Amino acid sequence: MPEEIINKNRVVSTLNEILKQEHMSIDSYNDFIAKAKNTDTRQLLQNMQQDHKDHASTLTTHIQNLGAAPQEDRGLSGVISNTMMEFGSLLGIETDNNQLLEKLYTKEKNGIKETEKFMNQKLDQRSKKIVTSLLSTRKDHLKKIENNLK
């Protein structure tokens, strides 16, 4: 197989892994938004969720422009994560806004670490620019969360 095809496959695979993370983040935000008791916190979370939706859309379009199919599923880890959050909801585990924001902070921070691992992969310039922008937005999310912790 020519090197160009191997590299393209590697780039698409990496981008699809990042896309999976974005879909998991969108799902997680649904749960966090539902649990937010404060209107300002809910609005903040909705705005950050929209960023993740925008990232997913950008990644999807870019993967398609590379001539590949985006993988829209969350994968096994996404299913497990979503199930655990729903299980906590069923148990009636209550969290105040600070606890909610602290959990979200941890999830965003872990998402950044996972995405940064992919930056070490060989990505074309356009893909690298998209992922760098995504990371920048996620880091802004951390700052916003910190600013809203009381």
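Being a predicted model, the structure only gives us computed values, none of them experimental.
Taking CD1 of Ile33 as the reference point, atom NZ of Lys35 lies at 12.5 Å (rounded to 0.5 Å). Here CD of Glu22 is found 10.0 Å from OG1 of Thr60. Values are rounded to the nearest 0.5 Å. With rounding to the nearest 0.5 Å, the separation of NZ in Lys128 from CG in Leu123 is 6.0 Å. Going from atom CG of Asn148 over to atom CG of Asn97 covers 9.0 Å, rounded to the nearest 0.5 Å. The distance from atom CD of Gln21 to atom CG of Asn16, rounded to the nearest 0.5 Å, is 11.5 Å. For the atom pair CD (Gln46) and CZ (Phe32), the distance works out to 14.5 Å, reported to the nearest 0.5 Å.
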Working note: Asp51 + Asp140, criterion side-chain contact (heavy atoms from CB on, under 4.5 Å); need CA distance, chi angles, decisive distance, verdict. CA-CA 11 Å; Asp51 288 340; Asp140 286 343; over 6 Å; no
Kindly determine whether Gln43 and Asn47 satisfy side-chain hydrogen bond (donor to acceptor under 3.5 Å, both in side chains), including the steps that lead there. CA-CA 6 Å; Gln43 183 64 51; Asn47 291 339; 3.0 Å; yes
Decide yes or no on side-chain hydrogen bond (donor to acceptor under 3.5 Å, both in side chains) for Ser57 and Asp54, but give the supporting numbers first. CA-CA 5 Å; Ser57 177; Asp54 293 345; over 6 Å; no
Begin from the C-alpha positions of Met48 and Leu104 and carry the test side-chain contact (heavy atoms from CB on, under 4.5 Å) through to its verdict. CA-CA 11 Å; Met48 289 192 292; Leu104 183 59; 3.8 Å; yes
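Judged by distance alone, with hydrogens and angles left aside, the side-chain atoms of Thr14 form a donor-acceptor pair with the main-chain N or O of Arg10 at under 3.5 Å. Without hydrogens or angle criteria, Lys37 side chain to Asp96 main chain gives no donor-acceptor distance under 3.5 Å.
Inter-residue side-chain proximity for Glu17 and Thr115 is flagged as unmet; no heavy-atom pair is nearer than 4.5 Å. Counting only heavy atoms from C-beta outward, the side chains of Val131 and Phe118 never approach each other to under 4.5 Å. Considering only heavy atoms from C-beta on, Leu15 stays 4.5 Å or farther from Ile130 through its side chain.
The only member of Lys20, Gln49, Glu108, Arg138 that meets side-chain hydrogen bond (donor to acceptor under 3.5 Å, both in side chains) when paired with Ser25 is Arg138.
Other residues, nucleotides and ligands contribute more than 12 heavy atoms inside 6.0 Å of the CD atom of Glu146.
Taking both residues in full, the closest heavy atoms of Ile112 and Leu135 are given as O-CD2, 3.8 Å, listed atom of the first, atom of the second, then distance. When all heavy atoms are compared, the tightest approach of His62 to Ser127 is NE2-OG, 2.7 Å. Looking at every heavy atom in both residues, Asn38 comes nearest to Asp40 through OD1-N, 2.6 Å. Between Ala56 and Leu19 the shortest heavy-atom distance is O-CD1, 3.5 Å. For the pair Ala36 and Thr41, the tightest heavy-atom approach, listed with the atom from each and the gap, is CB-CG2, 4.2 Å. Summarising the geometry of Pro70 relative to Ile63, their closest heavy-atom pair is N-CG2, 3.7 Å, with the distance given to 0.1 Å.
Every residue meeting the salt bridge (Lys or Arg N to Asp or Glu O under 4.0 Å) condition with Lys139, not counting sequence neighbours, appears here in chain and number order: Glu116. In this structure, the ring-ring contact (aromatic ring centres under 6.0 Å, His included) partners of His52, at least two apart in sequence or on a different chain, are Tyr29, His55, His141.
Using modelled atom types and a 3.5 Å distance limit, the side chains of Asp31 and Ser28 yield no donor-acceptor pair.
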